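Please read the structure below before turning to the comments.
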Amino acid sequence: MFYLLSRFSEHFEVLNVFRYITFRTGGAIATALLFVFFFGPWTISWLRLKQGKGQPIRIDGPQSHLSKRGTPTMGGLMILSGLTVSVLLWGNLTNPYVWMVLLVTLGFGAIGFYDDYLKVTKQSHKGFSGRSRLSFEFAIAAIAVIVMAEVGGARFFGLLWGSGEAIPQATSLAFPFFKELLLNLSYFFVVFGAFIIVGFGNAVNLTDGLDGLAIVPVMVAAGSFGFIAYLAGNAVFSNYLQIHFVPGTGELAVICGAMIGAGLGFLWFNAPPAQIFMGDTGSLALGGMLGSIAVATKHEIVLLIVGGLFVAETLSVIIQVISFRYTGKRVFKMAPIHHHFEQLGWSEPQVVIRFWIIAIVLALVGLGTLKLR
């Protein structure tokens, strides 16, 4: 909304500041942070009242986690509300990339909310059926990927977007460390992009098992991709760094800023001992958001580096399941891997802080690929 004020900068020069992505990103951070700070206590009280009936839902993890029973979940509502309000105020709402990332974020958030709602109301660990949940996730992700590819020049629907030849970059996979290497996936790019979005959404969901464990690495990744989006959407900077220029993606930095602000506000209430849990409502949405930004900016592989912590958590579950199914033995004492370290004797704060450090190091490595070409 504030972006539209820049149209009157000819009459009021001070309004020209709203043209700058950096200024609006800062505004998005502050707005989301204040929103969550202000509405956080009310949200926690409301959720505690709604979820306080009957027996508390099951808590995963070691026996030491039983003390957390009764803590309200669905805290992702706080994050998504602050993020959405902030983006609507500070984002360029004429930009299709903004709307597609919001579609994925809120769509995945709705799926997660329904899953959390079923667990709470039925007082059961079983929520949304896995097959139905994945089907909806892939449908939302595929729509977003198709639109973003079309905006980038894929020309899947020539009549819809006008005549002209397709731009190969729109459906190509870019490789870090290489200036010109592109692998054109053509129509398969829709499947690939949707897989990245859905996979990362569920990876963050698996990581959300300890107080503060998921939200800080998500903010670190959001900060990294806010920087990447700004560079990829700027012709001068992208040319200097020799990364692929994707017009319009610079606006995604505002969404990343809103995520950081909302995440900081949520962390205030989620810090040990947590007053509220993120739940699938938040973790699935935030993972999907990061995945969709990576697809839009053509940095899918870099996402696997920056979000390496989430990848490791997912791989630990996959390895554990396969090993137990075919050999009857477990590789880890408990999966996901953060529970393995708890079983080894690490305290919860030790696991959380050490995983934060790993996330920061991986983000620095991922950002380093921007210059190593």
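Quick note: residue numbers are just sequence positions, from 1. The analysis underlying the following values was restricted to heavy atoms, covering all of them including side chains, and did not include hydrogens, waters or symmetry mates. All figures in this text were calculated on a predicted structure; none of them were measured in a lab.
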For a 4.5 angstrom cut-off between non-hydrogen side-chain atoms, does [X] reach [Y]?
X: F277; Y: P72; result: no
X: L47; Y: T73; result: no
X: I143; Y: V104; result: no
X: S292; Y: Y97; result: no

Heavy-atom closest pair, residues [X] and [Y]:
X: A229; Y: A253; value: CB-N, 4.1 Å
X: G265; Y: L33; value: N-CD1, 3.5 Å
X: G212; Y: W356; value: O-NE1, 2.9 Å
X: A174; Y: H244; value: CB-CD2, 3.6 Å
X: G291; Y: I196; value: O-CG2, 4.2 Å
X: D211; Y: E348; value: N-OE2, 3.0 Å

Test item: [X] side-chain N/O and [Y] main-chain N/O as donor-acceptor pair under 3.5 Å:
X: T249; Y: V246; result: yes
X: T369; Y: V365; result: no
X: D116; Y: G279; result: no
X: S186; Y: F188; result: no
X: Q320; Y: F332; result: yes
X: E313; Y: D208; result: no
X: W90; Y: F23; result: no
X: E251; Y: G248; result: no
X: N234; Y: F237; result: yes
X: N270; Y: Q275; result: no

Could you tell me how the ring of W42 sits relative to the ring of W46: parallel (under 30°), tilted (30 to 60°) or perpendicular (over 60°)? parallel
Are Y3 and F18 close enough, and set up right, to give a ring pair (Phe, Tyr, Trp, His ring centres under 6.0 Å), and what steps lead you there? CA-CA 5 Å; Y3 174 77; F18 292 109; 9.3 Å; no
[X] atom [atom1], neighbour heavy-atom count above 12 within 6.0 Å:
X: W346; atom1: CH2; answer: yes
X: F195; atom1: CZ; answer: no
X: F37; atom1: CZ; answer: yes
X: Y326; atom1: OH; answer: no
X: R354; atom1: CZ; answer: yes

Measuring from [X]:[atom1] to [Y]:[atom2], what's the distance to the nearest 0.5 Å?
X: F266; Y: L83; atom1: CZ; atom2: CG; answer: 13.5 Å
X: M100; Y: I197; atom1: CE; atom2: CD1; answer: 10.5 Å
X: L252; Y: M259; atom1: CG; atom2: CE; answer: 15.0 Å
X: H299; Y: F175; atom1: NE2; atom2: CZ; answer: 13.0 Å
X: T105; Y: I140; atom1: OG1; atom2: CD1; answer: 10.5 Å

Among V306, L304, L303, T207, which one satisfies side-chain contact (heavy atoms from CB on, under 4.5 Å) with V311? L304
Looking at E342 and K333, is any side-chain nitrogen of the basic one under 4.0 Å from a carboxylate oxygen of the acidic one? no
Assess, by modelled atom type and distance only, whether the side chains of N184 and T171 contain a donor and an acceptor separated by less than 3.5 Å. yes
Looking just at side-chain N and O atoms, do T94 and N92 make a donor-acceptor pair shorter than 3.5 Å? yes
Axial cation check for Y240 ring with K371, 6.0 Å and 45° limits: yes
